[in-house]
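To start, the structure itself, in structure tokens.
Every value quoted in this text rests on a predicted model; they were computed, and no experiment measured them. Every chain is numbered from 1 and lettered A, B, ... according to where its sequence line falls, protein lines coming before strand lines.
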Amino acid sequence: MASQLHSASVAQQEKVQSLFADDSFHGLRVAITGGTSGLGLALVREFLARGARVAFVARGRQRVGQVARQSDRAHGIIGDISVKDEMYPIALQIAGELGGVDVLVNNASDLGPTPLALLADTQCEDLERALATNLLGPFRLTKALLGALAASAREGRGGVVLNISSDAAVNPYARWGAYGASKAALHHMTRIWEKELENEGVRFLSLDPGDMDTPMHALAVPDSDPATLKSPNLAARELITAIGAVLHRQSEDGAE
Amino acid sequence: MIPASEAIQRPPDARLMIVDATGCISDQPRSTFVAFLRPGDLVVANDAAAIPASLSGVHLPTGRIIEVRLAGRHSVAPNDVHEFCAIVFGAGDFRTRTEDRAAPPHLSPGDQLLLGPLKANVNRLLGHPRLVSLCFQDPPDGVWAGIAHHGRPIQYSHVQAPLAMWDVWTPIAGPPVAFEPPSAGFALDWHALAEMRAKGVDFVTITHAAGISSTGDPELDVRLPFDEPYRIPRAAALAIRKAKARGGRIVAIGTTVVRALEHAARAGQVRAGEDIATQRIGADSQLRLVDAILSGTHEPGTSHYELLRAFLDDNELTRVTAELNARGYRTHEFGDSVLIVRRPRTLPGIRTSRYYLRA
């Protein structure tokens with residue numbers, strides 16, 4: 001099961017949130033893929049607002065420049081995480097500009113064919129692209145940054161990877177085949193990472209932010225009523241609360 | 001020795017020659033090196049990732065093609081990427097032996113260099129026609145992007161296929177501050193780290209901006225290694241003190257770890273933080289901290305070989321080199337390895353590890 005954020009009690013969430021109010025992430029080094037729209041952009045802004053240094057990756061030069069200009073703690077990186085040859089240039093810039101990595105959020109996603117299609121009508125190339133973006137990209141980037149993340153864990157600073165999941169990773173929704181299958185694989189891979197790297201102190205989360213009012217959702221479900229959808233800002237705050245709880249435990253473990 | 005000509009970090013047949021504290025030589029598959037370690041030992045590796053430090057471009061005053069190899073920097077701070085020390089070659093690439101490379105055009109302070117998307121100025125010459133201090137004109141994020149997209153890993157002619165960045169990042173690579181990979185770390189993988197933990201062997205990393213290993217110019221090569229900035233995390237300094245206190249051995253993965261740790265411990269106890277290693281380690285050096293080294297195999301005359309002289313006396317090192325040759329060991333960064341335990345010195349007045357019991 002993809003962990004549902006709303007399963008934690010509100011009281012619990014508020015307690016953790018109060019530990020990480022405002023400047024609580026001062027100096028934290030955060031990398032986010034897909035950082036110029038939707039949930040990724042909301043995560044970039046929220047982490048910046050709480051004092052973190054953020055390196056974010058996206059494909060569009062202009063949008064990357066616009067978002068990077070919002071803070072001198074924001075580092076914009078132009079790149080496509082679905083392309084193998086771009087991975088090390090991306091990882092080099094992330095680790096170089098931040099001097100290390102405490103938190104990695106694999107957020108960039110590909111919906112598969114749009115409009116959404118039955119699997120039987122899905123082109124192989126659309127599935128390949130979804131797998132490249134939603135599974136191989138996060139795998140490659142995590143692997144390239146794992147040394148930095150493990151060093152962060154040893155220093156008691158962090159070492160958290162959040163992979164953005166979806167209820168489509170566990171429920172077989174018709175017409176969500178490419179997306180759902182790739183997200184299911186990512187979710188399972190996250191659990192294996194978590195198991196294998198527990199002793200190195202690097203923690204892996206797979207969280208479903210819920211249905212949000214984002215450009216991607218509009219592409220998938222064009223006739224949905226935005227009023228029924230969660231705002232990406234709220235989802236970002238919830239995810240950051242979950243990351244904050246893990247960081248808090250890590251800093252306690254590191255201080256022993 | 002035979003040069004290892006393929007860019008494979010952990011070939012299944014990689015070998016390890018172990019020289020123990022009594023001088024006894026044995027060899028085993030390198031993948032089993034954890035068997036050498038004892039509970040309580042501490043393994044220290046260099047987690048620096050190698051930047052693609054070879055930048056091709058043009059010397060604008062003459063219009064001539066050059067290759068710039070970044071080779072040194074002032075600190076490991078992420079935004080300190082304005083000024084570098086660099087070696088400049090004329091036209092050509094790694095396929096030509098560095099010894100045979102064309103000289104660069106005459107370089108003068110103020111000369112502009114166009115290196116792909118990056119613009120740089122020659123700041124000054126550093127006592128040699130091909131060694132310069134250069135300054136990039138872009139802001140730090142622009143320098144990182146330029147190096148990431150235009151730079152190639154520094155490469156030597158014994159490996160024929162062009163290196164990719166994944167060939168030169170060790171599995172534990174973190175901050176990209178090195179100019180060549182700390183290649184002793186190629187021996188490590190995550191399975192080995194798990195084996196260490198299971199055995200009660202501790203593992204930490206330091207970050208040391210390893211410089212270049214060879215310039216092809218004898219006058220410059222004798223100046224190697226250049227000054228190298230390093231950072232020792234608090235957790236690593238603490239782990240070192242604890243290991244010494246419990247009588248564990250400090251096992252350095254590579255020469256750069258020895259250089260950083262011995263520099264940080266020059267006043268006694270190892271100190272956490274950033275500094276610049278300026279010392280040379282050789283036959284006359286008294287190692288205060290490191291008990292054993294896992295290293296590539298090195299030819300006499302190189303600075304890496306010089307460093308090994310601090311672990312073994314010259315007769316023994318000569319014997320080891322002869323054995324490496326006789327047993328067909330491969331050399332250079334993708335080659336086989338040696339694990340050398342430092343011989344206890346019997347000279348009077350040497351500080352012993354008892355000092356660390358006070359930590």
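More than 12 heavy atoms of other residues, nucleotides or ligands sit less than 6.0 Å from atom CZ of A/R73. More than 12 heavy-atom neighbours from other residues, nucleotides or ligands sit within 6.0 angstrom of CD on B/E274.
When each of B/P233, B/G151, B/P140, B/A164 is scored by its heavy-atom pairs under 4.5 Å with chain A, the top score falls to B/P233. By number of non-hydrogen pairs under 4.5 angstrom with chain B, the leading residue of A/A150, A/G79, A/A148 is A/A148. With respect to chain A, the highest number of heavy-atom pairs below 4.5 Å among B/N79, B/I51, B/D141 belongs to B/D141. The choice from B/A235, B/P175, B/A145 that makes the most heavy-atom pairs within less than 4.5 Å of chain A is B/A145. Ranked by heavy-atom pairs under 4.5 Å with chain A, the first of B/P171, B/P78, B/A236, B/G174 is B/P78.
Using a 4.5 Å cut-off between heavy atoms, B/R234 does not touch chain A at all. In this structure, chain B has no heavy atom under 4.5 Å from any part of A/L145. For B/A49, no part lies under 4.5 angstrom from a heavy atom of chain A. For a residue to count as touching a neighbouring chain, one of its non-hydrogen atoms must lie under 4.5 Å from one of that chain's; by this rule A/I78 touches chain B with the backbone only. In this structure, chain A has a heavy atom under 4.5 Å from the side chain of B/D47, while its backbone stays farther away. For A/L149, no part lies under 4.5 angstrom from a heavy atom of chain B. Neither the backbone nor the side chain of A/R157 has a heavy atom closer than 4.5 Å to any heavy atom of chain B. Of the two parts of A/A91, the backbone and the side chain both hold a non-hydrogen atom closer than 4.5 Å to a non-hydrogen atom of chain B.
With a 6.0 Å cutoff to the six-membered ring centre and a 45° limit on the axis angle, A/K84 counts as a cation-pi contact of B/W166. The side-chain tip of B/R69 points at the ring of B/Y156 from less than 6.0 angstrom away and within 45° of straight on.
The aromatic rings of B/Y230 and B/H263 sit perpendicular to each other, their planes meeting at more than 60°, with 30° as the lower class boundary. Between A/F47 and A/F25, the angle of the ring planes lies from 30° to 60°, which puts this pair in the tilted group.
Taking CD of A/E196 as the start and CD1 of A/I192 as the end, the distance is 7.0 Å to the nearest 0.5 Å.
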*Kindly indicate, with the supporting measurements, whether the criterion side chain to side chain contact (heavy atoms under 4.5 Å, CB included) is fulfilled by A/M216 and A/S109.*
CA-CA 9 Å; A/M216 181 185 265; A/S109 294; 3.6 Å; yes
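Salt-bridge formation is detected for the pair B/R259/B/E228: a Lys NZ or Arg NE/NH1/NH2 atom is positioned less than 4.0 Å from an Asp or Glu carboxylate oxygen.
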